[in-house]
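Just so it is clear, the values below take in all heavy atoms, side chains as well, and ignore hydrogens, waters and symmetry mates.
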Amino acid sequence: MRSRPHPAPRSAEPPAPQDWRQEAACLGEDPELFFPLNERETDPQVARARAVCRRCHVLLACRAWALEQGEDAGIWGATTATQRRAIRRALCDAPVRRVGRP
């Protein structure tokens, strides 16, 4: 079985003191939990990974990072790759609203 990177992304430089990754609830978890072979909503492993995410106070920062980076594997911020693709499509398709203009 091949090893997967830990869900909290690592960078070449040491993270800033307030970096969200240092506060991630998944840091002490088995990385394999967040990379199920099957990402169906009904998969028990997906539910267990999401349970970790939902108790994490940096869930939104994690999800935003995964969306910005185009992360296409695993559970990030309680979302599957399929859900993140749908979010990115919705964001790309959304009309641009201009503040103060009709």
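- For the atom pair Leu33 CG and Ile75 CD1, the distance stands at 8.5 Å (nearest 0.5 Å).
- Tracing side-chain contacts under 4.5 Å through hydrophobic residues (I, L, V, M, F, W, Y), one never reaches Leu59 starting from Trp20; they form parts of separate clusters.
- Separating the CG atom in Leu60 from the CH2 atom in Trp65 is a distance of 16.0 Å, to the nearest 0.5 Å.
- The two residues Cys62 and Gly77 have their closest heavy-atom pair at SG-N, 3.3 Å.
- For the atom pair CG (Leu27) and SG (Cys56), the distance works out to 8.5 Å, reported to the nearest 0.5 Å.
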Checklist entry - Where do Arg48 and Glu32 land on the salt bridge (Lys or Arg N to Asp or Glu O under 4.0 Å) test, with the steps shown first? => result CA-CA 11 Å; Arg48 287 191 308 272; Glu32 292 294 322; over 6 Å; no
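- For the atom pair Arg63 CZ and Gln83 CD, the distance stands at 8.0 Å (nearest 0.5 Å).
- In this structure, the separation between CG on Asp43 and CZ on Arg40 is 7.0 Å, given to the nearest 0.5 Å.
- Between atom OG1 of residue Thr79 and atom CZ of residue Arg84 there is a gap of 4.0 Å, rounded to the nearest 0.5 Å.
- Looking at heavy atoms from C-beta onward, Asp72 lies in side-chain contact with Arg85 at the 4.5 angstrom threshold.
- In this structure the side chain of Phe34 reaches within 4.5 angstrom of the side chain of Val52, judged on heavy atoms.
- With contacts defined as side-chain heavy-atom distances shorter than 4.5 Å, the pair Glu41/Thr80 qualifies.
- Within the 3.5 Å criterion, the main-chain N or O of Val46 finds no donor-acceptor partner in the side chain of Glu39.
- Across every non-hydrogen atom of Ala66 and Trp76, the tightest pair is CB-CB, 3.5 Å.
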